[in-house]
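The structure appears right after this line, and notes come after that.
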Amino acid sequence: MTQYLISVLHDSSELATDDEMAAIDVFNEQLQADGHWVFASGLASPGSATVIDARGGEAVFTDGPYLESKEHIIGFWIIEAPHLDLALRLAAQGSKSCNRRVELRPFLGE
Amino acid sequence: MTGLDDVITRVHRAEWARLVATLARRLGDLDLAEETAAEAFAAAVEHWPVDGVPPNPGAWLTTTAYRKAVDRLRREVRRADKHREALMLFDTPDPPGAIEDDRLRLVFTCCHPALAMEARIALTLRMVGGLTVPEIARAFLVQETAMGQRITRAKAKIKAARIPYGVPLREDIPARVTGVLAVLYLIFNEGYLASGPEKEAVRADLTAEAIRLTRLVRALLPADGETAGLLALMLLTEARRAARVAVSGELVNLADQDRGAWDRALIAEGHALVRARLASGQAPGRYQILAAINAVHTDARDVRDTDWSQVVALYDQLLRLDPSPIVRLNRAIAVAELDGPQVALAEVDALPLAGYHAYHATRAELLRRLGRSAQARSAYDQAIELTGNTAERAYLIRRRDQLAGR
């Protein structure tokens, strides 16, 4: 079993609609029923981010997201799947349910 | 020694995909499979002239490649686990049918949708087709180092994303087969209408390779209608290759081609495939319809014998599957023969294809037939500017310059 991160990409500050939330719930329940669920959550808007750099000893806090980009990550799933083809299928269902583009990446390690 | 070179070339064609595919399954590593397969062929070039060609070249190559793989894994202490694994697998006999499945696995892995399209094409030509990196680089007019990197990156992605070495999930199969056929069709088209100013107009090596790979996929998926359709389409297109470029290096369009130069054997094979698909009673997909259109064209001994109403009907059928402007453009060309250039031009003018050379070339021909020379000339100019094919450019320039002076 490999764990995968499914990041949800979004290009505005609008939250999910009721229909999207309902579809996401259905998808989450399916993930849990089929044993693919690890964790999932939405994220607060990029404006809420703080960048921290403590490499120099004293922590330096900087307001705002590290990357200024049009698209940002609005939420994510962590799923478990036996192989990439199934993970791709699940990611496609995730994209459909939340009505946004998603990115799939495996976690490191065997 | 030419006799032996021929033998090695033939064995390479016949055995490469099988060898890489078997090694990849047994070693669990596509990279290692490719390298040891290449080393086994290098060993053949060295040993066969001295020791003679072994009675079973395929088995000789497999054994040699395994030995190379095991030697290499022994040397790499860090990969001790894989070493044990490889040694263990070394003595496992192949299950029946495993070899066919292995090649299919290899094709599906190289054409995996998680890879970029250009990576899929390069990997398929290297791993399944057995073309060398310099050969693939030449075919696509890319620097050898760049092509090498493209293939290395693709293999790294296969490893990092753990793209499975296997036949797709049952519910994914139709989409994945479509993906494989798209790769094969792109390889064929790059050969058939090569782009790039320094390239030959038609790359027979690429069209031949695409046909060979499609034959292989068809042998592996004999029941798939679209695979048969794509093979038929390629054969009926390839059949016209010799007639397609004039001695002057200029493209010859379908109407003006020397039909006596068409390859009758390829046409017969293509027609048989199209007939078999029609007899199946199953609804045809895109490639089967395109093959049927090409069957109508290659059925006519003279362009005037072409059954244009049948061609238009087939394009109508294709439009229901793929309502794209390019299909509409091709349909309009047939409409011009059936209902005249005025009707066709009205249809062409409505298409949003201003960036496509064939759109301007089609408009130019229709305007010319309607006697609207000034507009035809400017359409030829735009087509000439947009085409990437040397022979097509030469043809368009001649057609333009035949128009009366300004």
Side-chain angles (χ1 to χ4, degrees), chain A residues 1-11 23-24 26-40 67 69-71 73-110, chain B residues 24-25 27-32 73 76 78-86 101-102 104-117 119-120 123 127 153-180 182-183 221:
Chain A
M1 279 291 181
T2 303
Q3 293 195 338
Y4 296 86
L5 174 69
I6 301 175
S7 311
V8 180
L9 308 175
H10 191 52
D11 59 3
I24 291 168
V26 171
F27 176 57
N28 285 344
E29 278 160 28
Q30 193 61 49
L31 285 178
Q32 284 161 359
D34 296 341
H36 298 301
W37 170 273
V38 179
F39 184 72
L67 281 175
S69 65
K70 206 167 146 286
E71 272 190 319
I73 294 169
I74 193 184
F76 62 90
W77 280 278
I78 297 172
I79 58 157
E80 217 165 42
H83 52 77
L84 179 72
D85 282 352
L86 187 53
L88 286 168
R89 274 196 90 75
L90 294 171
Q93 287 166 17
S95 164
K96 211 172 273 177
S97 71
C98 70
N99 193 28
R100 282 167 178 80
R101 298 204 301 156
V102 303
E103 181 198 273
L104 180 79
R105 271 168 86 171
F107 281 84
L108 271 180
E110 290 297 300
Chain B
R25 175 173 53 80
L27 301 169
D29 187 328
L30 195 58
D31 212 0
L32 188 61
L73 291 169
E76 293 176 29
R78 287 192 303 122
R79 291 159 82 173
D81 289 352
K82 286 218 165 159
H83 173 197
R84 260 202 309 282
E85 211 178 306
D101 288 353
D102 279 342
L104 202 51
R105 277 193 192 95
L106 186 64
V107 170
F108 278 120
T109 304
C110 291
C111 295
H112 197 278
L115 297 167
M117 186 50 94
R120 290 182 223 172
L123 265 187
M127 299 294 175
R153 265 202 308 276
K155 286 189 290 195
K157 166 107 192 213
I158 288 175
K159 240 179 231 175
R162 277 167 245 158
I163 288 178
Y165 185 64
V167 176
L169 297 166
R170 184 186 298 276
E171 54 270 46
D172 284 344
I173 284 180
R176 292 286 299 278
V177 171
T178 304
V180 169
V183 168
L221 298 167

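Here is the naming used below: chain letters follow the sequence lines, and residue numbers restart at 1 for every chain.
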Taking all heavy atoms of Pro106(A) and all of Ala161(B), pick out the closest pair and write down the distance.
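Nearest pair, atom of Pro106(A) first, then Ala161(B): CG-CA, 3.9 Å.
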
Taking only residues at least two apart or on different chains, which pairs with a member in residues 106-117 of chain B satisfy salt bridge (Lys or Arg N to Asp or Glu O under 4.0 Å)?
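As it turns out, there is no salt bridge (Lys or Arg N to Asp or Glu O under 4.0 Å) pair with a partner in residues 106-117 of chain B once direct neighbours are skipped.
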
Could you tabulate the donor-acceptor pairs under 3.5 Å formed by side-chain atoms of residues 168-175 of chain B, not counting sequence neighbours?
residue: Asp172(B); atom: OD1; partner: Arg89(A); partner atom: NH1; Å: 2.1

With Lys155(B), which residues qualify under salt bridge (Lys or Arg N to Asp or Glu O under 4.0 Å), at least two apart?
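With neighbours one apart ignored, the set is Asp31(B), Glu34(B).
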
Using a heavy-atom distance cut-off of less than 4.5 Å, which residues of residues 73-86 of chain A contact chain B?
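Within residues 73-86 of chain A, near chain B: His83(A), Leu84(A), Asp85(A), Leu86(A).
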
